[in-house]
Structure formats: C-alpha cells, structure tokens
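These numbers come from the heavy atoms of this one structure, side chains and all, not from hydrogens, waters or symmetry mates. Proteins come first, then strands; the chains are lettered A, B, ... in the order of their sequence lines, and each starts at number 1.
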There are 2 protein chains.
Amino acid sequence: MKVSNKQISEKLQRKGLRITPQRIAVLEVIYNTKDHPSADKIIGLIRKTHPNIATGTIYKVLDTLVDQNLIRKVNTDKNLMRYDSIKEKHHHLFSLEADTIEDYYDKELDKMLAKYFRKRKIPNFKIKDIELQIYGKFKSKNSNKKKC
Amino acid sequence: MKVSNKQISEKLQRKGLRITPQRIAVLEVIYNTKDHPSADKIIGLIRKTHPNIATGTIYKVLDTLVDQNLIRKVNTDKNLMRYDSIKEKHHHLFSLEADTIEDYYDKELDKMLAKYFRKRKIPNFKIKDIELQIYGKFKSKNSNKKKC
DNA sequence: CTCACTGCAAAGGTTTTGCAGTGGG
DNA sequence: CCCACTGCAAAACCTTTGCAGTGAG
C-alpha cells in the first residue's frame, strides 16, 4: 500500500504546486507513516535521507499542504501538532498510555450519526463534520508498551 | 448557576490541595466562563481583580488542577491549550469561523454510541471514552460573526 | 529566465523551570 | 513553624518569519 513518488508528484501537480524534493519528502513521510507524526518526527525522518532540508522549510511545506487539503492537522493534548494524510472520512483512536493515534474507519457509524443528527437538531448550530476521539487502550502487537 | 468560592474551596480541600487565592481565582474563571478559555485568557481575566498573580503560577495551578481532575485540557487546532471544567460527559461544538468552542450534552447520543460499540468491537482496542468533535457554524446571537 | 520555493537564523508566542521568599494549615 | 505554594525571570519549546539565494517549469 506504499504511496509512490509518482503518485505524490501527481497530487502536487493537480493542486498547481511545484514539485520539489522537500514537498515529496514530507508527503512521503506522512503518507507512509502509520502513526500520525508530529512536525518534529517528520523532520527527524526526513533528515535521515535529506540531511539538509531546513526546519523552517518543513513547516512551510506542512502549511502549504494543509492549505491545499493534502494533509490535515490533528489535535492532541500536548501542545504540538500532528499531521495526518487526508483519506476517507475517519475517526481517531487515542492511546491513554502511549502517544499513539490510529485511524478508525466505520461507515456504519457515520451513517448512524448522520441519521441521528438529521432528526435531532442542535439549536443554532449547523453541523458540517463530526469526528470521534475514542480514548482507550491498545491491547496487542501494535503497542505492547511497558508499564510506567 | 454561578459556582461560589465556598464550593470551589471544598473541591480543593477534597483533593487535599491547599486553598490559595490563586487557585480559587483560576477555578472561578474556569467554572464561570462559558467559552473554554485559553491560559492567556484566564490570565487576563484574573489580572483584572488580582493584578499580581504571576503567569508561571497560573500555569502551575492549571497543571495541578488537571492532574487532580478538577479541570481538563481541550484540544484545539491552534497550538495553545484551552481549559474546561469537568462536568457531566459532554461533547464539543467547534465553530469553523470563530474561535468558539461550546459544550454539547446529549445523553441519548451517548447511549446510542455505547450500544453501538457494545456490538461492534474495535479489534485490539478497549474503549474508555468517546468524545465527539462537531464542526460547524453557529447561527445565532452567540456568534454572529462577520464574514472574512 | 522568473518567481515560487528553500535555507538559514533570528524572532515570536506559549509553556516550563529554578529558586528564593511567603503564607496556609 | 514548616513545607506547599507563589512570584519572578530566565529558559525551553515549538512554530513562524524575513530575506537572500536557488532551482523548477
């Protein structure tokens, strides 16, 4: 399921953005990293193969990509942003123990919520989107963390 | 529905925390402010009546209160935290236009979600809590913002 | 060739920290 | 009284910005 550089270039092109190694590197990391990385983590990963991409540049790239709807910022309870590729509508599973965030897809749930809010209107508020933050514990291979 | 200083003092005492003017001031603001204030806003409001409470102190107080489960941090997509008093389970309505965050209570929704996830298990994940972030537009008196 | 983009370094804004001093219990 | 808590100021941290220089189209 790895996203290729070719696909990435096309995405950039479709948005009318210049195709630069910096942008490809950032998108490559975000598209191919499971856990929603922070800017810092993205920088770390990119530096391994492109040691001289500047911090400021990466932030600028991230900004541009968010503007162009190629990626999205994810809220966390630390004060630092995490980034997420934009895919199908999905929700987030937050680990209460580690800093893990995983995606959760559930069309049936979305349908149920849509149906629910079609009946139950919120006064003075027009819903555009609903995102669930599901907090809990990962039980398996994915995050067998040691206890603190 | 104003929360009195007496009630606040009791909450602090029950947690074994010392009752100080600084802590009372912070809790007073958080309990009696509708919109979930940022640290900065809390500081501003407190300074009106207590001009010499230090910034660092307020951060320390906020930290302590979060640790003791008297208040909670709320995620925003700016990089700054907002604070919320801990009340009944509730969700958040985020304005797509302004920086408004409002609480949304809906027991029926909670029941529906609980029922849903009793049937539909998420593999390798044990749910502890679900919080909805509902994005949309406020239509009324509360936030009749001008267009950008 | 041109201008959108990058690198660099400095600045900005929020939060944290260290430490001496104070006041709550 | 004593130690948890505060005030203050410096530092830490993440992110943004300005500007000269570069390379994508």
Side-chain angles (χ1 to χ4, degrees), chain A residues 5-6 8-27 36-47 49-68 70-83 99, chain B residues 5-6 8-28 30 36-47 49-68 70-83 99:
Chain A
N5 286 15
K6 186 143 173 279
I8 289 173
S9 300
E10 277 166 10
K11 277 176 189 289
L12 287 170
Q13 194 149 46
R14 236 173 280 136
K15 295 289 185 180
L17 296 173
R18 284 201 177 164
I19 298 163
T20 67
Q22 293 80 353
R23 286 176 176 168
I24 291 177
V26 170
L27 278 173
H36 307 59
S38 60
D40 197 51
K41 191 169 178 187
I42 293 170
I43 294 166
L45 289 169
I46 288 179
R47 288 271 166 78
T49 47
H50 306 74
N52 38 6
I53 294 187
T55 305
T57 301
I58 294 183
Y59 278 101
K60 278 175 200 158
V61 168
L62 287 168
D63 250 32
T64 310
L65 298 177
V66 169
D67 280 357
Q68 295 293 332
L70 286 171
I71 63 174
R72 179 193 303 165
K73 289 188 175 188
V74 181
N75 305 337
T76 74
D77 56 359
K78 309 287 183 304
N79 18 274
L80 99 200
M81 300 315 310
R82 299 251 219 139
Y83 295 85
D99 271 344
Chain B
N5 286 16
K6 186 144 172 281
I8 290 173
S9 302
E10 277 166 11
K11 277 175 189 289
L12 288 170
Q13 194 151 44
R14 235 175 280 137
K15 295 288 185 181
L17 296 173
R18 282 201 180 165
I19 297 163
T20 66
Q22 293 81 352
R23 286 177 176 168
I24 290 176
V26 170
L27 278 174
E28 205 170 19
I30 294 178
H36 308 58
S38 60
D40 198 50
K41 192 168 178 188
I42 293 169
I43 293 166
L45 289 170
I46 288 181
R47 287 271 165 75
T49 46
H50 307 73
N52 39 6
I53 293 187
T55 305
T57 301
I58 294 183
Y59 278 102
K60 279 175 201 158
V61 168
L62 287 168
D63 250 32
T64 310
L65 298 177
V66 169
D67 281 355
Q68 295 294 333
L70 285 171
I71 63 174
R72 179 194 304 166
K73 289 188 175 190
V74 181
N75 308 336
T76 75
D77 56 358
K78 310 287 182 301
N79 20 271
L80 98 199
M81 301 315 308
R82 300 252 219 136
Y83 295 86
D99 271 344

Distance, rounded to the nearest Å, where [X] contributes [atom1] and [N] contributes [atom2]:
{"X": "A:Leu12", "N": "C:dT6", "atom1": "CG", "atom2": "P", "result": "10 Å"}
{"X": "A:Asp67", "N": "C:dA4", "atom1": "CG", "atom2": "P", "result": "16 Å"}
{"X": "A:Leu62", "N": "D:dT16", "atom1": "CG", "atom2": "P", "result": "9 Å"}
{"X": "A:Ile53", "N": "D:dG23", "atom1": "CD1", "atom2": "C1'", "result": "14 Å"}
{"X": "A:Ile24", "N": "D:dG25", "atom1": "CD1", "atom2": "P", "result": "9 Å"}
{"X": "B:Lys60", "N": "C:dT14", "atom1": "NZ", "atom2": "C1'", "result": "16 Å"}
{"X": "B:Lys41", "N": "C:dT14", "atom1": "NZ", "atom2": "P", "result": "14 Å"}
{"X": "B:Asp63", "N": "C:dT15", "atom1": "CG", "atom2": "C1'", "result": "9 Å"}

Counting side-chain heavy atoms from CB outward, which of [options] is closest to [X]?
{"X": "B:Ala54", "options": "D:dT15, D:dC3, D:dG7", "value": "D:dG7"}
{"X": "A:Met81", "options": "C:dT15, D:dG7, D:dT15", "value": "D:dT15"}
{"X": "A:Thr55", "options": "D:dT15, D:dA24, D:dG7", "value": "D:dT15"}

Compare side-chain N and O positions of [X] against OP1 and OP2 of [N] and report whether any pair is under 4.0 Å apart.
{"X": "A:Tyr59", "N": "D:dT16", "result": "no"}
{"X": "B:Thr20", "N": "D:dT6", "result": "yes"}
{"X": "B:Gln22", "N": "D:dG7", "result": "yes"}
{"X": "A:Arg23", "N": "C:dC5", "result": "yes"}

Checklist entry - Is a side-chain N or O of A:Arg82 found less than 3.5 angstrom from the main chain of A:His36, in a donor-acceptor match? => result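 Confirmed, A:Arg82 side chain pairs with A:His36 backbone.
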Next on the checklist: Here's a test of your reading of the structure: between A:Leu17 and B:Leu80, which maps to the more 5' nucleotide of DNA chain C?
Outcome noted: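 Comparing both residues, the 5'-ward one is A:Leu17.
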Item to check | Position toward the 5' end of DNA chain C (nearest nucleotide), B:Ser38 or B:Pro21 | outcome: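 Counting from the 5' end, the first nearest nucleotide belongs to B:Ser38.
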Item to check | Flag side-chain contact, heavy atom, 4.5 Å: B:Ile43 against B:Ile53 | outcome: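 Heavy-atom side-chain distance check fails, nothing below 4.5 Å.
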Under 4.0 Å, heavy atoms only, any strand: does [X] hit a base, just the sugar-phosphate, or nothing?
{"X": "A:Asn79", "value": "sugar-phosphate"}
{"X": "B:Asn52", "value": "sugar-phosphate"}
{"X": "A:Thr57", "value": "base"}

Next on the checklist: Measuring from atom CG of B:Leu27 to atom CG of B:Leu17, what distance do you get when rounded to the nearest 0.5 angstrom?
Outcome noted: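 B:Leu27 atom CG to B:Leu17 atom CG measures 9.0 Å (nearest 0.5 Å).
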Item to check | Rounded distance (nearest 0.5 Å) linking atom CD1 of A:Ile58 with atom CD1 of A:Ile42 | outcome: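 Those atoms lie 7.5 Å apart.
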Item to check | side-chain contact (heavy atoms from CB on, under 4.5 Å) between B:Arg23 and B:Thr64, worked out | outcome: CA-CA 9 Å; B:Arg23 286 177 176 168; B:Thr64 310; 4.1 Å; yes
